[in-house]
Amino acid sequence: MPELPEVETTRRGISPAILNKKINDVIIRRANLRYPIPKIIHEKLIAKSFSEITRRSKYLIFQSEHGSMILHLGMSGNLRIVPKLTAPQKHDHVDFIFDDCCLRYTDPRRFGAILWTEKNPEQHKLLISLGPEPLTAKFNGAHLFKIAQRHSLTVKNFIMDSKNVVGVGNIYASEALFLSKIHPHQAANKITLEQYNLLAKMIKTTLKKAIKAGGTTLKDFYQFDGKPGYFKNELQVYGRAGEKCYDCNGLIKKIITGQRATYFCEECQD
DNA sequence: ACAGTAACCTGTTTGC
DNA sequence: TGCAAACAGGTTACTG
C-alpha cells in the first residue's frame, strides 16, 4: 500500500485542486470496500465543499460542513485528479465531481475504506487507539524504549504496530532498521535506549525523504497527477534480495517476519 | 494482555 | 504455453 509518505503525498497533491470547491456530485459505483461506504455521504456532501484535508496515520480526513469523511487507501488504493467525464475503469469505485475536475478513488483490492462521522474524527473507533505520529516530537527513542519493555516480539513487528507508532509500513520498517544497524528479528525488549534513539531518528529521516520524493512506487501507487513516486530509487534494502549492500558490499537477505517480507544486510545489522 | 494467524480481494509474477 | 500457487505497500478479528 500506500504507506505514510504516499498518503501524505496524496494529501498535498489533491488539496489545492479541490479545497473549498463545490461538490456537484458523488458517484459511488461500488460501495463494498473493506467496510461498506455509507450511503449518507452522498446527501451530506452534495453542494458542500471540503475545507481541509488532514492526515492521521494513513487515514485522510476530509473536513466538510456537516462532518468528516475518513478515507483509507488500504493496500492498493489511489486518489487522483482527473478531467471531468474521464471514462471510469474497472476499479474506479468513487468519483467526487467538481466544476473543473474529478477526484477519483481507485482500488483494485478493495482493502481501502471511506467512512463518515459527525463527531471529532480523532475519536472515531479506527483512530482512537493509534500511537503517536512519527514526524512529531512526541515520537522519540524514549517513547519506543519505554513501551518496548513489555514486548518480546521482533523489533520489526513492534515498530509496524500502529499502537506504538503509526505510519511505519513494511517498506520503511526495513529501511529504518537498516539505517539503524538493527537486525529486524531482534526482540523489541532487548534493544537499548541508544538504539531506539537512533531508530526513531531514522524512521523520521526515511519518512521525510520519501515524502520529498513523492513516495515509493512499487507497482500500484501513483501520485494525484498520475506520476509515480521516486523513492524506490533510494531504497537501501527493500526489494534488493541477492544484491550488494551499498554500505559494506555484503549480501542483502530476504526473510519472513510475521508473514511479511523483510530485507536486511547480514553484515551491517545485528 | 499478548503473540501469532487468518481474513478481507484482485492482479501479477513465479514455478512446475 | 498453461495453469496453479505464491505474493503484494494494510489492518482487523479471531485464536490459543
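Keep in mind that what you see is a predicted model, and the values were worked out from it rather than measured. Labels below follow one simple rule: chain letters A, B, ... track the order of the sequence lines, proteins then strands, and each chain is numbered from 1.
B/dG4 atom P lies 15 Å from atom CZ of A/R260, rounded to whole Å. Per the geometry, NE2 belonging to A/H72 stands 14 Å off C1' belonging to B/dC8, to the nearest Å. Atom OH of A/Y35 and atom P of B/dC9 are 13 Å apart (whole Å). A straight line from CZ of A/R109 to C1' of B/dG11 spans 9 Å, rounded to a whole angstrom. Protein atom NZ of A/K163 is 12 Å distant from nucleotide atom C1' of C/dA13, rounded to whole Å. The CG-C1' distance, from A/D161 to B/dA1, rounds to 13 Å in whole Å. In this structure, CE of A/M160 is placed 12 Å from C1' of C/dA8, rounded to the nearest angstrom. One interatomic measurement links the two molecules: CE of A/M75 to P of B/dA6, which rounds to 16 Å at whole-angstrom precision.
Ring planes of A/F96 and A/F50: perpendicular class, angle over 60° (limits at 30 and 60°).
Base pairing of B/dC9: no nucleotide in any strand meets the Watson-Crick or G-U wobble criterion (both distances under 3.5 Å). Base pairing of B/dA1 is not made with any nucleotide, judged by Watson-Crick or G-U wobble geometry with both donor-acceptor distances under 3.5 Å.
Contact of A/R110 with B/dC9 (side chain to base): no donor-acceptor pair of N or O atoms is detected under 3.5 Å. On a pure distance criterion of 3.5 Å, no polar donor-acceptor pair joins the side chain of A/R150 and the base of B/dA1.
Note on A/H151: every side-chain N or O is 4.0 Å or more away from OP1 and OP2 of B/dC2. The side chain of A/K219 places no N or O atom within less than 4.0 Å of a non-bridging phosphate oxygen (OP1 or OP2) of C/dA8. Using a 4.0 Å cut-off, some side-chain N or O of A/K254 falls inside it from OP1 or OP2 of C/dA8. Contact check, A/H91 against B/dT10: no side-chain N or O comes under 4.0 Å of OP1 or OP2. OP1 or OP2 of B/dA3 has at least one side-chain nitrogen or oxygen of A/S152 nearer than 4.0 Å.
Within the nucleic acid shown, A/A113 has no heavy atom closer than 4.0 Å to any nucleic acid atom. A/K90 comes within contact range of the sugar-phosphate backbone alone, with a heavy-atom separation under 4.0 Å but no base atom that close. A/D220 comes within contact range of at least one nucleobase, with a heavy-atom separation under 4.0 Å.
Closest to the side chain of A/R34, out of C/dG10, B/dT10, B/dT12, is C/dG10. Candidate nucleotides C/dT12, C/dG10, B/dG11 were compared by shortest atom distance to the side chain of A/Y59, and C/dT12 ranks first. Side-chain atoms of A/L126 lie closest to C/dT12 of the nucleotides C/dA8, C/dG10, C/dT12.
A cation-pi arrangement is absent between A/R240 and A/F178, since the terminal nitrogen or guanidinium carbon is not both under 6.0 Å from the aromatic centre and inside a 45° cone about the axis.
A gap of 24 Å separates the P atoms of B/dG11 and C/dT12, to the nearest Å. Comparing C/dC7 with B/dT5, their P atoms sit 15 Å apart, to the nearest whole Å.
For A/T117 (side chain) and A/K119 (main-chain N/O), a donor-acceptor pair under 3.5 Å exists by modelled atom type. With A/E175 contributing its side chain and A/V237 its backbone, the two residues share a donor-acceptor pair below 3.5 Å. Judged by distance alone, with hydrogens and angles left aside, the side-chain atoms of A/E3 form a donor-acceptor pair with the main-chain N or O of A/N170 at under 3.5 Å.
The aromatic ring of A/F111 sits over the base of B/dC8, with ring centres less than 5.5 Å apart and planes tilted by under 30°.
When each of A/N32 and A/L153 is assigned the nucleotide of DNA chain B with its nearest heavy atom, A/L153 is the one assigned upstream, toward the 5' end.
Side chains of A/H143 and A/N164: no donor on one and acceptor on the other come within 3.5 Å.
Between A/D100 and A/K21 there is a salt bridge, since at least one side-chain N of the basic residue sits less than 4.0 Å from a carboxylate O of the acidic one.
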